[in-house]
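Take a look at the structure below.
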Amino acid sequence: MIGIKTIREQTSLVRDALKARNMTGPIDEILESDLKRRALLVEVENGRAERKEAGKAIGKAKTEADRNELIAAQRSGADQLDELESQLKNIDSSLNELLLEIPNLPHPELPLGGEESAEVILIGDGMNNEELFSTPKSLDDFTIEPASSIPHWDIGRDYGYIDFERGVKVSGSTFYMLRSDGARMQRALINWMLDLHHEHGFEEVYPPFVVRTESLVGTGTLPKFSDTLFGIENSDLWLIPTAEVPITNMYRDEILDHAQLPIQHSAYTACFRREQFSAGREVRGIKRGYQFDKVEMVVFTREYESWKMLESLLQNALDVVRKLGLRYRVLRLASGDIGFSASMTYDIEIWSPGSGEWLEVSSVSNFTDFQARRAGLRYRSEDGSVKHLHTLNGSGLGIPRTFAAILEQNVLPDGRVRIPTVLQSYLGNQEYLLPVKSV
RNA sequence: GGAGAGGUGGCCGAGUGGUUGAAGGCGCUCGUCUCGAAAACGAGUAAGCGGCGAAUGUCGCUUCAUGGGUUCGAAUCCCAUCCUCUCCGCCA
């Protein structure tokens, strides 16, 4: 959340931020509640101070008669205080609910607008032919190429790497099963990515795939986006939509020391999202599903180094794409398109020649202190003061779309798929994924 | 799943209704001592919110797992929830 002090003291900044997101928020209501709350708080505090004094006097009373007299005198004050305290509690919780609805402030340098206003800042093809645009290009500057290869869902089905029908039979629409070299390839991708991040200095974590409500509030997913989550009946537990949730909450309510920072974690998890997508083109193949695998990076930093970390996190994610030899581009999202908790986001998209579209495989964001406020992530700074951390995360990468692009880019006419060099040692030094026809 | 014990400051740990934000110890910081260090000694050492102030500040309130309740007053009594530990049962 953003601090009440920011809303109180820099109201116009907050209003502008909402406008940039093309949203409205209950700012007036918040300011009004805040004013009321503080007035009430002063009354309550005075009442409590009186009660405290009276309590001391009662404790010291010499005779039973004195004591009873003092208690009688205190009784009416206690009733009044009760009433004020319950009013305060109500206003506190409603103010808190309102604050949880306010998104993070987008970075002022973001392009204004929605999805269509994203800027293309980089485009490349594997380790070669990378082009960095010193002046970002608009999406309109590029024409979408038509599909130029067999789509991965056909490759997967025809050569036995992906069994869609059996996945649907067992678990329903959008679920699939990977088989043989398809399943082995996914495992290789996960292992290789984790190893690469390890080389980049990330500490690997294996978190729970199920979290409590408070953890989802911490990252900003709840209370607003409950309809995109899978909740577990008869419990306070939810399936995680991303490893970001358990990892970001690791240090909840702790005060870290500045010398520990930055902390960089990587993790593999399955991710579960109940997204509302229309059947057909959108969900064709393994581009979108209720369950997908992802390797995620999460970073905790001091506030003065988070923007620098955003760039290095982007480079780490790009390293994965480059080493796999994929064609990719990097977008800087516009103010109206970044996520609720983010202040700035880069998307890495890879080219899917089979479906003729760019697929997002990584979203790299700086959340500034927004999640840290919600989750109580703090550190003791060099000068001894306690400050909120900044959190960042980025996928490194989403597995199914990466796999899909590899299938489409590397498939041979006989159904074999050339394995990117970096992955071969993870697959027993095989050079090709080998089709299975007996399905 | 059954039986029991327990959750107090960065850590250990006292405290069973009234000057307890909380004894004592450890750790940490500063000082004395020392050529320096150790030891010893002395002092300090929570966070959140709010009032006042231009400000170093200062005053107040809250917090003893969490949420309710009893009471003039709760770390202390009652209820619920969460978590930890021990024993038994079950189990990949």
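Quick note on labels: first sequence line is chain A, next is B, and so on, each numbered from 1.
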Point to revise | Between B:A22 and B:C78 - P atom distance, rounded Å | key: 26 Å

Point to revise | Side chains of A:Glu408 and A:His152, donor plus acceptor under 3.5 Å | key: yes

Review point. How many Å lie between NZ on A:Lys387 and P on B:A46, as a whole number?
Key: 19 Å

**Study point:** Rounded C1' spacing from B:G6 to B:G27 in Å
**Key:** 25 Å

Exercise for review: Please report the C-alpha distance between A:Glu203 and A:Gln264 in whole Å, then the side-chain angles of each, then the deciding distance to 0.1 Å, and finally whether the side chain to side chain contact (heavy atoms under 4.5 Å, CB included) criterion is met.
Suggested key: CA-CA 6 Å; A:Glu203 184 201 333; A:Gln264 308 189 103; over 6 Å; no

Check your understanding: Rounded to whole angstroms, how far apart are CD on A:Glu85 and C1' on B:G50?
Key -> 15 Å

Exercise for review: Pull out every residue in residues 29-46 of chain A that has a heavy atom closer than 4.0 Å to any atom of RNA chain B, ordered by number, or say none.
Suggested key: A:Arg37, A:Arg38, A:Leu41, A:Val42, A:Glu45

Check your understanding: Do the side-chain N and O atoms of A:Thr269 and A:Lys294 include a donor-acceptor pair separated by under 3.5 angstrom?
Key -> no

Practice item. Using whole Å, report how far CG of A:Asp92 lies from P of B:G50. Key: 10 Å

Check your understanding: Of the nucleotides B:U62, B:A47, B:G60, which has the atom closest to the A:Arg48 side chain?
Key -> B:U62

Check your understanding: Taking the C1' atom of each, how far is B:G4 from B:U8, in whole Å?
Key -> 22 Å

Exercise for review: Whole angstrom is fine here: how far is it from CZ in A:Arg378 over to P in B:A46?
Suggested key: 14 Å

Review point. Is A:Arg416 close enough and on-axis enough to A:Tyr432, meaning under 6.0 Å and within 45°, for cation-pi?
Key: yes

Practice item. Answer with base, sugar-phosphate or nothing: what part of the nucleic acid does A:Arg373 contact at a heavy-atom distance below 4.0 Å? Key: nothing

Check your understanding: Expressed as a whole number of Å, how far does the P atom of B:A46 sit from that of B:G7?
Key -> 24 Å

**Study point:** Rounded distance in Å - CG (A:Leu377) to C1' (B:A47)
**Key:** 15 Å

Practice item. Pick the P atom in B:C61 and in B:A75, then give their distance to the nearest Å. Key: 14 Å

Review point. Considering only the C1' atoms, how many Å lie between B:C83 and B:C90, rounded to the nearest integer?
Key: 22 Å

Exercise for review: Would you indicate whether the side-chain heavy atoms of A:Leu41 and A:Lys36 approach each other to under 4.5 Å?
Suggested key: no

Review point. Is there a side-chain contact between A:Gln424 and A:Gln430, using heavy atoms and a 4.5 Å cut-off?
Key: no

Review point. Could you state the CZ-P distance from A:Arg380 to B:A46, rounded to the nearest angstrom?
Key: 9 Å

Revision key, fill the gap. 5'-most contact on RNA chain B (nearest-nucleotide basis), A:Lys5 vs A:Gly59, goes to A:Gly59

Check your understanding: Dot-bracket for RNA chain B, 5' to 3', with Watson-Crick and G-U pairs under 3.5 Å, [ ] for crossing pairs and | for other-strand pairs: what is it?
Key -> ((((((((.[[[..)..(.....]]]((((((.......))))))(((((((....))))))).[[[[[..)....]]]]])))))))....

Check your understanding: Any side-chain donor paired with an acceptor under 3.5 Å for A:Thr213 and A:Asp236?
Key -> yes

Check your understanding: Only one of A:Ile350, A:Ile419, A:Leu433, A:Leu189 forms a side-chain contact (heavy atoms from CB on, under 4.5 Å) with A:Ile406, so which one is it?
Key -> A:Leu189

Review point. Does a side chain donor of either A:Tyr346 or A:Glu311 reach within less than 3.5 Å of an acceptor in the other side chain?
Key: yes

Exercise for review: For A:Ile91 and B:G50, give me the distance from atom CD1 to atom C1', rounded to whole Å.
Suggested key: 14 Å

Revision key, fill the gap. For nucleotides 68-85 of chain B, 5' to 3', base contacts (B), sugar-phosphate-only contacts (S) and non-contacts (-) with protein non-hydrogen atoms under 4.0 Å give S---BS--------SS--

Review point. Without hydrogens or angle criteria, can the side chains of A:Ser343 and A:Asn366 be said to hold a donor-acceptor pair below 3.5 Å?
Key: no

Check your understanding: Taking the P atom of each, how far is B:G24 from B:U45, in whole Å?
Key -> 13 Å

Point to revise | Distance-only donor-acceptor check, side chains A:His197 and A:Asn316, under 3.5 Å | key: no

**Study point:** Check: A:Arg273 side chain, A:Leu229 main-chain N or O, donor-acceptor pair, under 3.5 Å
**Key:** no

Check your understanding: Taking 4.0 angstrom as the limit, do A:Arg37 and A:Asp92 come out as a salt bridge?
Key -> yes

Practice item. Using heavy atoms to find the nearest nucleotide of RNA chain B for A:Glu53 and A:Ile255 separately, return the residue whose nucleotide is more 5′. Key: A:Ile255

Revision key, fill the gap. Whole-Å distance, A:Leu256 CG to B:G10 P, equals 13 Å

Review point. C1' atom, B:A37 versus B:G53: distance in rounded Å?
Key: 46 Å

